[in-house]
Amino acid sequence: MRVELAQVAGFCMGVRRAMDMALDASMHANGPVYTFGPLIHNPSALSLLEARGIRILEDIPARGQGTVIIRAHGVPPQAKERLDRAGFEVIDGTCARVVKVQMLAYSHARQGYTCVLIGDRGHPEVKGIMGHAGDRGILISSEADLEGLPPLGKYIILAQTTQDREYFDNLCRRILERYPGGKVFNTICNSTNKRQSEVRRLADRVDAVVVVGGRQSANTRRLAEIVTESGRPCMAVETEEDLELGWLKGFKRVGVTAGASTPNWVINRVLREIEAYPGGSESAFMRWSLRALRFLHETNLCTALAGAALALSGVLMSGPVPPAGDIVPWRTMASVLSLSSSALYLVLSTLMAACFIFSMHTLNRLIDTEASVYNDPLKARFLEAHQGTFITTCVLSLLISLTAAWALGPPSFLILLAVTMLGVLYSVPFIPGWKARRALKDLPGTKALFVAMAWAVVAFLAPLGRWPLSIDFANWCIFFMVAVLVFMRSVLLEVIDVQGDKIVGRETLSLILGEHKVLDMVRLLAGMLVIASVGLTLAGLVSRLVILFSLPALWFMWLTRTFAGHRFGQNLKMELKVEAGFILFLISVVLGRSLMG
Ligand code: SF4
């Protein structure tokens, strides 16, 4: 079965901003943090906020203390004044597009216009806009309301931002026919518009559509209505637990869309459950390939393969392959496999890097499960279900890595030992912080840097088998280029994980600088890497193979385009694409080496 995710699905700009404000306040505000009413209409997101200590303020008390966040729907001006008077610090999360409607209502009401609002009775956004229109507001929430419409003089028509365009146009036409001369402001949010037009097109392309979102969410309900009107079967679910998988049987293409208040992690879970449904119609080969890729992703073997590819590329680039050390079991294994000493060296270097990277990444994932639950819930679940196996495999991998380093010689072993100790220290809190003791991983914006340095040392410096002071200029150049490549990789992966990191309060570069700036930084680094690799090669300062650093750099530069757009529910694809950069690098180095001799 093919699963197609709508291009516009999940948090819209306004909801995302309000959510970010609430999470920021939970980390930095003094005193209790409240949202005035439920921040969004989604139970998963609400329980997350509750877990972060953010409570819901239903009524405004005479006196209060702490911070109150006004949700994206906005409030009537009187409510805001009462919150201020009660003594709360008020953070206004009203979406800019809702503010625009409120201001249209307010300014026209002051000029003597009647404000006719087409919207859902009782919806918080509608209450807020009506509050701004004062006693000049009239609400039309159904065609029946048109009957009771009083004679209108000067008037304007506004829309609740989540109204359906066709419905709004139809009501406007009927009002204007009755009372010509009114000014119409189409204030339907573009995001809602796009989402609704897209679901119509999606329903045309697929056999059935799953709509994900809270039952109380008006825009999610509207999406389900549009699908039903199109004649396609529709299943509306709040989370993956509501999915009736048997319902999917027989459909070849299933579309998935989600309301503006549906968090990414809920969409991810629903998508992965549907994709994993075995009653699909794809070929056995496709099914097994997908399963294999998922396995590589969920076990972290994919990351280990990327590390191995990088180590092998580095070793092949650094000059003639030296003979391996003299550890008896390795020698025996090499003679059994009829490996030459140089081939054994390549195997040991690759094994050392791959096992170390696998071990450290998996240990970190096992220790630090908080963000994974939101970023990649299925991977988190897989790790949790096989925790014992993973811990044993991690310890074994680390031992294999250290033994391989020992076989490569004392410099390799000591360098790897130092990085291992740093790797363990990375997650252990030992730095006194302002709230609690912090670990190296908690230092803001440093994760990508630490990972880059660790990978570069393990995948390039340690396999060289030399003490750092005896390493020549050409190899230092390769070392820094490897570090820059890994840094770009880590930053791109941070962009995928931005929502979960935000939720658990982790300060990654993507969160500190913003996703767009971080992607610009990756483009800049990729450009610099291309220039450096070409420049150094043309100047004859490094091996001719160094020019091949341009390929993974250009690959990452190209990936920034994909990352800048739509990425919900695509952790698997996107992580695989990022790691593929290193495989591409290895292939080019192997080909380059055989062509250049
Ligand atoms: S749907 Fe549109 S108007 Fe409503 S919060 Fe989202 S971006 Fe703002």
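Just so you know, ligand 1 is whichever comes first in the structure, and atom 1 is the first atom listed for that ligand.
Of all atoms in ligand 1, listed by their number and element, those nearer than 4.0 Å to a heavy atom of R97 are 3 (S), 7 (S). Atoms of ligand 1 found under 4.0 Å from any heavy atom of C95, numbered from 1 in the order shown, are 3 (S), 5 (S), 7 (S), 8 (Fe). Less than 4.0 angstrom separates some heavy atom of T161 from each of these atoms of ligand 1: 3 (S), 4 (Fe).
The shortest contact between atom 6 (Fe) of ligand 1 and any protein heavy atom is with C12 SG, 2.2 Å.
One finds no salt bridge joining E241 and R269 here, because no Lys/Arg side-chain nitrogen approaches an Asp/Glu carboxylate oxygen to under 4.0 Å.
Atom CZ of F185 sits in a crowded spot, with more than 12 heavy atoms from other residues, nucleotides or ligands closer than 6.0 Å.
For atom 8 (Fe) of ligand 1, the set of nearby N, O or S atoms under 2.8 Å includes none belonging to C189.
Remark: of the listed residues R110, H108, Q102, R110 is the sole one forming a side-chain hydrogen bond (donor to acceptor under 3.5 Å, both in side chains) with Y106.
R222 CZ to R195 CZ: the interatomic distance, rounded to the nearest 0.5 Å, is 14.0 Å.
The main-chain N or O of K577 is found under 3.5 Å from a side-chain atom of W555 such that the two form a donor-acceptor pair.
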